[in-house]
Amino acid sequence: MVKSMTGYGRGIYCDNQRSITVEVKAVNHRYCDITVKMPRKYSFAEEKIKAAAKEVLKRGKIEIGVSIDNFGKSETNVNLNLEAAKLYYDALTELGHSFDLAGDGQVSLSLLAGMTDVLTTSPAAEDEEEITRELMTALKEALEGISAMRTVEGEKLALDILNRADIIENTKNLIAEKTPKIEGEYKERLQARITELLDGSVEIPEERLAIEAAIFADKANITEEIVRLGSHVDQLRAFINSDEETVGKKIDFLVQEMNREANTIGSKSNDMDITSWMLELKAEIEKIREQIQNIE
């Protein structure tokens, strides 16, 4: 089953304590590259998020965004240091008495509360196991969404590639049909050219022409390349129709080999029709190469 590497999915978990939203975006990439953007205080769940994503998304540049909103519960604790407050109070009271300051030595609440270390804040304690479970619920929904999108797009890519494989095979068959005729056509062209140059004053033995034509045909023989190209097309169809999910790299290598065979056919052949068909082959192979850059 061919899957695209691009897609988007969104999942939400919500209860009376908090709301969690997870968004997953993916684009083309040679490997599996996952980044997670979430509040730092919840980073304890990051590795589990990545591991869960890798189980579903095998290739692509994947970005996972997590937002968490807590309801009715402060995310910050306020800590009172009574011992520090008492030390400050005693010191300020003594200071007032010593210098006979106004206020009869009374220390205000606002002054005392503003002293260093009397009131401090710290993040509220979180139930990591519970939050991780809720995160995974939202992530699962998001991954299901992006996986479905990648599957639908993958089906369209597969159909397009198979259609182009048919075009390549048909063009390859035209080349295969023309190949046996090349020797005879070359012999006729050679004889006509010699007759033109010598103006019919010298007669070239038929067997000599046959030898020259055979030598040319041997050098221009593309039977092996045609057979290999046909085999590559069969393999391409097999990969596209297989149950394997990650075939992008395999098809990429296969397309490189198909392009190599097309180039060899073009370099060996001295026939205008075959050269034209070879260019058509290369055009279709290049279109397949572009498509598979988006296959997982």
Side-chain angles (χ1 to χ4, degrees), residues 1-85 109-110 112-155 243-246 248-249 294-296:
M1 182 191 302
V2 171
K3 285 189 175 182
S4 167
M5 277 192 282
T6 60
Y8 171 82
R10 188 168 185 262
I12 297 175
Y13 173 87
C14 189
D15 60 17
N16 58 357
Q17 295 188 71
R18 65 180 61 86
S19 173
I20 300 175
T21 301
V22 177
E23 293 182 299
V24 183
K25 304 173 185 177
V27 294
N28 303 354
H29 197 271
R30 187 174 181 181
Y31 305 107
C32 182
D33 180 17
I34 300 177
T35 58
V36 179
K37 296 182 178 181
M38 62 191 303
R40 184 176 298 180
K41 64 181 295 185
Y42 301 109
S43 60
F44 56 80
E46 182 172 338
E47 290 306 315
K48 289 188 177 180
I49 290 174
K50 287 184 176 180
K54 286 181 179 179
E55 289 294 319
V56 178
L57 311 175
K58 308 301 182 183
R59 285 181 71 200
K61 186 173 180 60
I62 301 148
E63 182 180 303
I64 301 175
V66 178
S67 62
I68 301 177
D69 294 322
N70 290 299
F71 304 141
K73 179 181 177 182
S74 174
E75 297 184 15
T76 303
N77 288 331
V78 178
N79 307 304
L80 172 61
N81 189 334
L82 285 174
E83 184 176 352
L109 176 61
S110 59
L112 195 59
M115 303 306 292
T116 304
D117 294 333
V118 173
L119 293 177
T120 59
T121 60
S122 62
E126 299 280 4
D127 186 335
E128 294 186 3
E129 185 176 340
E130 179 182 3
I131 291 177
T132 300
R133 177 183 57 79
E134 295 168 355
L135 271 169
M136 290 300 108
T137 300
L139 177 63
K140 181 182 179 182
E141 182 182 352
L143 290 174
E144 289 174 350
I146 191 173
S147 182
M149 182 178 290
R150 283 157 65 110
T151 298
V152 170
E153 186 172 340
E155 291 173 351
D243 293 331
E244 189 175 352
E245 292 186 357
T246 54
K249 290 183 179 180
N294 195 35
I295 289 180
E296 188 176 54

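Inter-residue side-chain proximity for R18 and E130 is flagged as met; some heavy-atom pair is nearer than 4.5 Å. Side-chain contact between V36 and K50 is present, with heavy atoms from C-beta onward closer than 4.5 Å. Side-chain contact between E296 and S4 is absent, with no heavy atoms from C-beta onward closer than 4.5 Å. Taking 4.5 Å as the limit, every side-chain heavy atom of S67 sits out of range of all side-chain heavy atoms of I20. Put simply, the side chain of V2 does not reach to within 4.5 Å of the side chain of E155, judged on heavy atoms. In this structure the side chain of T132 reaches within 4.5 angstrom of the side chain of F44, judged on heavy atoms. Counting heavy atoms from C-beta on, the side chains of I131 and Y42 come closer than 4.5 Å.
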Residues 135-143 side chain polar contacts: donor-acceptor under 3.5 Å, at least two apart:
residue: T137; atom: OG1; partner: R133; partner atom: O; Å: 3.1
residue: E141; atom: OE1; partner: I12; partner atom: N; Å: 3.2

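Remark: D243 pairs with no residue by the side-chain contact (heavy atoms from CB on, under 4.5 Å) rule, at least two apart or across chains.
The stretch residues 25-35 participates, sequence neighbours left out, in these salt bridge (Lys or Arg N to Asp or Glu O under 4.0 Å) pairs: D33-K61.
Side chains of D69 and S19: no donor on one and acceptor on the other come within 3.5 Å. For the 3.5 Å distance criterion, the side chains of T6 and E153 qualify, holding a donor opposite an acceptor.
The environment of K58 atom NZ is dense: over 12 non-hydrogen atoms of other residues, nucleotides or ligands sit within 6.0 angstrom. Enclosure of atom NZ in K249 by more than 12 non-hydrogen atoms of other residues, nucleotides or ligands within 6.0 angstrom is indicated.
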Practice item. Please step through side-chain contact (heavy atoms from CB on, under 4.5 Å) for the pair V118 and L80, ending with a clear verdict. Key: CA-CA 6 Å; V118 173; L80 172 61; 4.1 Å; yes
Practice item. Using the side-chain contact (heavy atoms from CB on, under 4.5 Å) rule, take R59 and Y31 through it: C-alpha gap first, then chi angles, then the decisive distance, then the call. Key: CA-CA 5 Å; R59 285 181 71 200; Y31 305 107; over 6 Å; no
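Of the residues K3, R150, M5, the one that meets the side chain to side chain contact (heavy atoms under 4.5 Å, CB included) test with L57 is R150.
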